[in-house]
Structure formats: structure tokens, C-alpha cells
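What you are looking at is a predicted structure, and each value in this text was computed from that prediction instead of being measured. Quick note: numbers below take in every heavy atom, side chains included, and nothing from hydrogens, waters or symmetry partners.
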Amino acid sequence: MHDTIADLFRPGRTRNLRIRPNLQPSTLLLNGNLWVLPQPLPGAVDSHLVLIHRTLDQHNLQHLASTIVGLPGVLTPGPTGFTHCGVPLIAPDEAAADSLTWFIAPGLTLRETHQSTELTTALPPNRFTPCFSLRGSQWRRLAQALLSADLWQEHLAGLARTVAATLRTQLSEQARADRGVLIRIFHRIDDNRAVEMFSYRDSTSHNVQEVLRQVHKHLTDVPEQSPGAPVAHPRTRGATDEQTLLVGDLVAVDGEFYRNELIEWRRVAPPAVIENAPPGATQP
């Protein structure tokens with residue numbers, strides 16, 4: 001999604017179009033819709049382009065390019081009947097931070113911005129309707145520019161989706177950090193059963209290992225030790241040990257279970273049976 005303009009419009013890249021050839025010169029009239037008039041302007045040999053509205057935001061650029069490619073003299077040799085053809089894409093003649101520009105014919109350019117796609121002319125606005133008599137090669141270049149602008153729009157849309165997905169992830173992570181991770185404390189009964197004593201949320205720890213260090217600090221009666229150091233023999237649980245973790249007890253951090261092994265924590269599968277704490281169990 002981070003292709004450069006050179007990557008997007010690299011030589012040999014094409015767009016496939018389905019076209020229906022038009023066998024006689026025509027006038028393409030662009031306003032809110034596309035009108036293809038079968039008769040040319042009086043005395044015309046080439047097809048004409050008449051611009052009533054210069055913006056193309058309401059037009060499907062691929063459909064417009066397909067209509068143009070079907071005009072006589074645009075493709076050599078001219079196809080007959082419905083057919084498919086690959087139209088080469090072309091890089092813009094000018095590329096600015098906020099626009100791409102393709103030069104089509106004297107006085108006629110295609111300009112793509114972040115806001116719109118439009119055909120611009122060198123004629124004064126609001127004086128009269130611009131009309132261009134275009135040769136086959138100029139029509140072909142216009143079709144190529146339209147397809148290239150369409151690809152650029154798809155590229156921008158893809159970038160927007162990527163940015164939106166990144167923002168959603170960041171907001172989700174921030175919301176999760178704001179409310180903290182869910183920590184559940186379990187006393188082990190046997191290899192398959194455990195009692196959930198209580199749960200709480202921690203919004204101060206930044207990762208699982210930090211959460212487990214805090215749990216070890218506050219909920220075990222054994223100081224942190226280095227691996228390999230001599231340890232005391234694990235004791236059995238007494239009647240007042242509701243909030244104390246012994247060897248074999250479990251901690252779940254956002255759904256992942258870890259077993260207390262005295263000087264370290266080992267990730268394990270959840271117990272097969274989880275029972276509720278007895279009535280009156282002390283909460284933190």
C-alpha cells in the first residue's frame with residue numbers, strides 16, 4: 001500500500017477493458033451524464049469532446065475510458081463486436097503533493113486531486129462550452145489517463161483503509177490500557193480443578209511479565225528468587241490463606257493462564273473445571 005507513483009505506473013502495467021467499438025465518428029458530450037451522439041459536428045472528421053461539466057466525480061472512469069477506446073481510430077487495428085483489450089497505464093506528466101496532471105491535447109488536461117477529478121482547459125470559464133476535436137492518439141491518451149486516475153483513486157482508498165485499521169487498533173489498545181488487564185486468581189485443587197478466588201483489573205502494568213511480578217510481590221509469601229537458588233519447601237494452605245498464592249496456583253491474565261512454580265511462572269492450559277470461591281471469601 002506504500003507504492004510510489006513510479007511503482008503504480010510502471011511500464012507494462014495495463015487495465016483490461018470490455019469495449020463495444022463505435023464504427024463512426026461521434027461527439028462525446030459530458031455533463032452530469034455521458035452522451036454519445038452518433039453524428040459528428042458539421043464538417044468534422046474526428047470525434048469530438050464537448051465539456052458542459054468539467055468535473056468527472058459523477059462518472060465511472062473505467063466506463064468512460066471504455067467508451068473512448070471504442071471510438072474509431074483509437075485502436076489499431078479496429079476491433080469488431082464486443083471485445084476485451086489491455087490499455088497501458090501512463091504516469092502523470094506532473095505530480096505535486098496534492099494533485100496529478102496528465103496533458104491530453106493542446107489546451108486540455110486531466111487533473112486528479114484529493115477532492116475531485118476534472119478535465120481542465122485553457123479556455124476562459126463561463127465564456128462558452130469547450131469543444132475539442134481529438135485525433136485517435138489523443139483519445140487513446142485520454143483513456144489511458146482516465147484509467148490511471150482511477151488506479152490512483154483506488155490506491156488512495158486503500159491507504160485510507162489502512163490508516164483507518166491502524167487507528168482502530170491503536171484506539172482499541174488505548175481503551176484496553178485505560179481499563180487495564182483482567183487478572184483472575186485461582187487456588188489449585190488438583191491437576192484438573194481450580195477455585196476462582198477473586199479478580200481485579202490492573203492498568204499500571206504494561207505487559208504480562210510485569211503483571212506476574214506484581215502478583216508475586218503482593219500475593220505470594222515467598223520473596224522473588226533467582227533460578228537455581230535454594231528455596232524453602234512449599235507449605236500447605238492454611239485457613240487464612242484466601243489471598244495467598246502457593247505453588248501450583250494459577251493466575252489468568254486476559255484469558256491466558258500461568259502456574260506459580262515458586263520462582264517462575266509457566267504458561268499452561270486452563271483447568272478443566274473452575275469452581276466459584278466459597279461464600280465469604282475475602283476480596284482484595
Side-chain angles (χ1 to χ4, degrees), residues 1-4 7-8 151-284:
M1 296 309 302
H2 301 285
D3 292 338
T4 65
D7 294 328
L8 286 173
L151 175 65
W152 179 250
Q153 291 177 2
E154 292 180 4
H155 175 67
L156 293 181
L159 288 178
R161 287 192 295 270
T162 299
V163 171
T166 300
L167 288 176
R168 284 196 298 269
T169 299
Q170 292 175 345
L171 291 173
S172 177
E173 291 175 350
Q174 184 61 49
R176 179 176 178 271
D178 291 343
R179 70 174 183 267
V181 296
L182 176 63
I183 302 170
R184 302 163 64 196
I185 305 300
F186 299 84
H187 286 173
R188 175 182 178 273
I189 299 177
D190 55 37
D191 290 341
N192 297 313
R193 295 185 299 157
V195 177
E196 182 171 2
M197 300 304 296
F198 59 88
S199 64
Y200 64 98
R201 288 190 176 273
D202 181 357
S203 59
T204 62
S205 301
H206 298 89
N207 55 60
V208 171
Q209 293 305 316
E210 188 173 344
V211 169
L212 295 175
R213 281 196 297 271
Q214 292 299 319
V215 170
H216 186 281
K217 178 179 178 180
H218 296 291
L219 296 180
T220 67
D221 62 352
V222 179
E224 290 188 278
Q225 304 177 58
S226 301
V231 297
H233 184 74
R235 63 177 179 80
T236 57
R237 192 184 312 280
T240 60
D241 290 333
E242 292 174 350
Q243 291 193 42
T244 300
L245 289 178
L246 302 182
V247 173
D249 286 343
L250 303 172
V251 173
V253 182
D254 271 355
E256 300 292 344
F257 281 75
Y258 299 86
R259 184 172 62 218
N260 178 18
E261 298 197 347
L262 194 59
I263 60 173
E264 64 179 353
W265 296 90
R266 185 180 300 277
R267 186 173 173 179
V268 296
V273 178
I274 296 177
E275 300 178 4
N276 295 323
T282 304
Q283 296 293 309

Student check: side-chain heavy atoms of V208 and V211 closer than 4.5 Å: no
Shortest non-hydrogen contact from N260 toward L245: ND2-O, 3.8 Å
Q214 CD to D202 CG distance, which is reported to the nearest 0.5 Å: 7.0 Å
E256 side, atom CD; R267 side, atom CZ - distance, nearest 0.5 Å: 3.5 Å
Any side-chain heavy-atom pair of H155 and L8 under 4.5 Å: yes
Distance, nearest 0.5 Å, that separates CZ of R259 from CG of L250: 7.5 Å
Residues forming a ring pair (Phe, Tyr, Trp, His ring centres under 6.0 Å) with Y258, sequence neighbours excluded: none
Worked verdict on T166 versus Q170 for side-chain contact (heavy atoms from CB on, under 4.5 Å): CA-CA 6 Å; T166 300; Q170 292 175 345; 3.7 Å; yes
Rounded distance (nearest 0.5 Å) linking atom CG of L159 with atom CD of E154: 12.0 Å
Considering all heavy atoms, the nearest D249-H187 contact: OD1-CA, 3.4 Å
Separation between CG of N207 and CZ of R213, rounded to the nearest 0.5 Å: 6.5 Å
Side chain to side chain, I185 and V251, heavy atoms closer than 4.5 Å: yes
Partners meeting side-chain hydrogen bond (donor to acceptor under 3.5 Å, both in side chains) with E210 (sequence neighbours left out): none
Residues forming a ring pair (Phe, Tyr, Trp, His ring centres under 6.0 Å) with W265, sequence neighbours excluded: none
Closest non-hydrogen atom pair, R188 against D190: CG-O, 3.5 Å
